[in-house]
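Counting convention: from 1, in listed order, for ligands and their atoms alike.
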Amino acid sequence: MNETSEGKKPRIGVYVCHCGGNIADYVDVEEVRKALGQEADVVVSKDLMFDCSDASQNEMIDDIKIKNLDRIVVAACSPKLHELTFRGTATRGGLNPYMLYHANIREQASWAHEGDKKGATAKALAHARAAVAYVSLAEPLERPRIESTPAVLVIGGGIAGIKAALDLSSMGVHVFLLEKSQALGGHVAELGEVYPYGREGREVVDRSARGLKGRENVTVFTGATLESFSGYIGRFEATILVSPRPGTEERIKVRVASAVVATGFDSYQPKRGEYGYGTVRGVVTLPELQSLASGRDGTLNYDGRKVNDVAFVYCVGSRQEESAVAPSGNEPPAKANAYCSRYCCNAAVNTSLSLGTKYNGITAYHLYRDMRTYGRNELMYEEAAKAESIFIRFEGENPPSVCEKDGRVGVTVKSSLLENQPVELTVDLVVLVTGMVPRPNEQLNTLLSLPIGSDGFYREIHQKLRPVETNIGGLLIAGTSQGPKDIRETLSSASAASAKAASFALKKELELEPFVAEVDNSACELSQACVKECPYEAIEIKDLPSGRKAWVNTAKCKGCGACVAVCPTEAIQLKGLGNDQVRAMIEVMAR
Ligand SMILES: Cc1cc2nc3c(=O)[nH]c(=O)nc-3n(C[C@H](O)[C@H](O)[C@H](O)COP(=O)(O)OP(=O)(O)OC[C@H]3O[C@@H](n4cnc5c(N)ncnc54)[C@H](O)[C@@H]3O)c2cc1C
């Protein structure tokens with residue numbers, strides 16, 4: 001039997017969820033409910049059809065008030081889905097929202113053990129009992145507050161960065177937009193006619209960038225790089241090195257609440273010999289074709305010769321684990337990208353349509369694995385199929401081969417629609433439809449310590465629930481720095497990131513998560529192991545009234561617990577997940 005810090009016995013309410021049949025079909029929820037009712041300090045134990053329904057939440061609120069519950073356990077789905085919901089329920093019932101534990105008995109018990117009801121029930125019960133042990137020792141927590149700065153830094157002046165700056169400025173936030181090249185626009189500025197706008201890429205960029213002009217709350221730095229970046233959400237300090245011309249350099253310091261990273265992508269660069277690239281004349285990439293065709297009307301020429309037939313080869317550098325080039329000698333195969341780059345089917349079909357309009361009599365062959373002109377872009381594909389475009393599908397394991405043929409380019413493709421019979425083509429140009437790859441940005445990555453996913457792009461906290469936030473509080477990602485996107489998707493993510501950034505900049509004070517490390521100064525023997533272990537540089541050594549001790553910057557701490565694990569004297573612990581709570585949970589699980 002436990003006692004709270006006020007010397008009272010805890011009064012715990014437990015709510016086991018059926019989740020329709022998602023839990024109840026595989027876990028004996030009544031058995032779990034009855035067993036939990038026998039646990040010390042459990043005053044209420046119920047099983048409910050849907051814990052998250054309004055009726056169930058109201059029932060919990062009534063129980064809190066009528067039965068004087070001072071903490072609750074919800075045994076239901078993943079806390080990622082509904083922990084916030086139940087914190088709200090607890091608050092409405094008059095409890096501190098952290099006097100709650102949300103045990104996951106759906107993903108971790110019922111769904112994981114569908115064929116074993118007894119085992120699933122035992123596991124669900126163990127999880128819920130551990131939750132009871134946790135809340136028995138819970139103490140109310142307060143969210144730390146920090147002052148914020150009404151400005152945001154946007155890094156990268158492509159279409160994503162421009163959009164983020166426009167949105168932030170319209171919301172009344174001061175924006176510092178930093179672009180490393182001498183002009184705004186990124187890749188879009190270099191594109192020909194872009195889908196679905198039917199305008200030149202330069203025009204799309206100019207139109208957006210013009211919107212930035214004359215705004216008092218926007219400062220644009222071109223020819224600029226980030227030299228230093230320190231601080232934490234609400235109070236970052238950045239040094240921007242501006243060199244508009246070689247020789248001229250200026251350092252400008254800015255303070256911001258948050259930063260949006262919109263540094264974009266690189267185009268996949270085929271290896272020498274990959275589909276004849278660099279070894280067969282007339283093999284180019286899609287970006288190279290775009291510059292070849294830019295601004296020229298009448299005739300499309302390559303190497304002084306008129307182009308009549310073009311073969312687009314799709315998925316170059318995408319959806320392949322290894323480069324299509326055979327390794328030479330003992331060299332391992334070059335790594336390529338397993339993912340689909342999303343924009344390329346649309347961009348290739350769109351480019352072939354614009355070539356058809358701009359230059360008469362061009363025949364386009366599209367050698368594709370799967371045509372992914374999703375959504376409204378499917379109309380473009382239909383249009384191309386009706387025009388002078390011939391689509392030939394090949395299997396991933398049978399990529400086309402390319403060779404020089406009588407001064408032109410020979411392509412052999414095994415058509416999957418003709419039972420893999422080889423089709424021979426002779427064309428003037430082979431266009432490799434290359435995917436997007438992460439942009440190497442080592443200096444910036446080191447400065448910001450942004451998390452990078454296994455695909456090499458910046459990684460968000462959660463694809464569905466927190467798609468533009470990173471695990472560094474206040475640092476947001478936008479556009480293709482996060483992964484392949486077309487312009488429309490880039491703009492949406494830039495708007496999402498700017499809305500989130502504005503939510504930090506526009507508040508005078510920010511509330512942070514309370515699950516942060518805390519030092520017991522009387523136990524701290526200054527081993528400094530915590531300082532070395534902390535991945536967020538949140539712990540410093542300070543001269544305090546009790547002597548030289550480790551000190552946690554709560555604004556930087558993410559509550560990961562790395563410091564707790566290495567402290568030899570257990571002087572550092574996590575608020576809301578103390579060592580006593582962890583031990584109590586383990587003991588119950590091992591019972
Ligand atoms: C050949 C091709 C054709 C395409 N056609 C279409 C189309 O028709 N329609 C469509 O919707 N999409 C198309 N796309 C996709 C489109 O180009 C992207 O969606 C868009 O460029 C993404 O914009 P972004 O701002 O995220 O990245 P980017 O365009 O890459 O811009 C990033 C910017 O950040 C800057 N930067 C990078 N690092 C730093 C740093 N450390 N400090 C400061 N600045 C930095 C870069 O200089 C750049 O200006 C095409 C892409 C290609 C390759």
| So, are Arg202 and Glu190 salt-bridged, with charged N and O less than 4.0 Å apart? | no
| Does the ring centre of Phe312 sit less than 6.0 Å away from the ring centre of Tyr365? | no
| message | Among all the protein's non-hydrogen atoms, which is closest to atom 21 (O) of ligand 1, and how far away is it? | response | Val188 CG2, 3.4 Å
| request: Give the contacting part of Leu178 toward ligand 1: side chain, backbone, both or neither, where contact means a heavy-atom distance below 4.0 Å. | output: both
| said: Are Tyr368 and Tyr381, when compared by the centres of their aromatic rings, separated by less than 6.0 Å? | reply: no
| Pro467 and Gln482: which non-hydrogen atoms are nearest, and at how many Å? | O-NE2, 2.5 Å
| field | Lys/Arg N to Asp/Glu carboxylate O, Arg281 vs Asp303, below 4.0 Å | value | yes
| note | Under 4.0 Å between heavy atoms, the region of Phe265 that gets near ligand 1 turns out to be both
| field | Closest to atom 38 (N) of ligand 1 (judged by heavy-atom distance), picking from Leu286, Leu226, Asn441 | value | Asn441
| For ligand 1, is any non-hydrogen atom under 4.0 Å from Gln443's backbone (N, CA, C, O), its side chain (CB onward), both, or neither? | neither
| said: Below a 4.0 angstrom heavy-atom separation, can you tell me which part of Ala262, side chain or backbone, both or neither, approaches ligand 1? | reply: backbone
| Heavy atom of the protein closest to atom 9 (N) of ligand 1 (residue, atom name, distance) | Tyr195 O, 2.9 Å
| task | Using the side chain to side chain contact (heavy atoms under 4.5 Å, CB included) rule, pick out the option among Leu292, Leu286, Thr285 that qualifies with Glu288. | result | Thr285
| Quick one: which of His187, Glu489, Glu442 has a heavy atom closest to atom 30 (O) of ligand 1? | His187
| remark: So for Thr263 against ligand 1, with non-hydrogen atoms under 4.0 Å, the contacting part is both
| message | Which residue and atom name correspond to the protein heavy atom nearest atom 24 (P) of ligand 1, and how close is it? | response | Thr480 OG1, 3.5 Å
| What part of Ser267 sits under 4.0 Å from ligand 1 if we count only heavy atoms: the side chain, the backbone, both or neither? | side chain
| request: Report the C-alpha separation of Arg369 and Arg393 in whole Å, then their side-chain angles, then the decisive distance to 0.1 Å, and conclude whether the side chain to side chain contact (heavy atoms under 4.5 Å, CB included) test is met. | output: CA-CA 6 Å; Arg369 283 175 64 183; Arg393 184 175 183 278; 5.7 Å; no
| field | Residue pair Glu249 / Arg251, side-chain heavy-atom distance below 4.5 Å | value | yes
| Interatomic distance, Tyr458 atom OH to Leu475 atom CG [nearest 0.5 angstrom] | 10.0 Å
| note | Numbered in order shown, the ligand 1 atoms found under 4.0 Å of a heavy atom of Gly479 are 26 (O)
| said: Which option wins on minimum heavy-atom distance to atom 23 (O) of ligand 1: Ile159, Val349, Val261? | reply: Ile159
| Thr285, Leu191, Asn377: member with heavy atom nearest to atom 3 (C) of ligand 1 | Leu191
| said: Suppose I only count heavy atoms of Tyr343 and a 4.0 Å limit; which atoms of ligand 1 are within that range? | reply: 2 (C), 3 (C), 4 (C), 14 (N), 50 (C), 51 (C), 52 (C), 53 (C)
| message | With heavy-atom distances below 4.0 Å as the criterion, list the atoms of ligand 1 near Gly158. | response | 25 (O), 31 (O), 33 (C), 49 (O)
| request: Evaluate the ring planes of Tyr314 and His366, with Trp represented by its six-membered ring, and classify them as parallel (under 30°), tilted (30 to 60°) or perpendicular (over 60°). | output: tilted
| task | Using a strict cut-off of 4.0 Å, indicate which atoms of ligand 1 neighbour a heavy atom of Met436. | result | 15 (C)
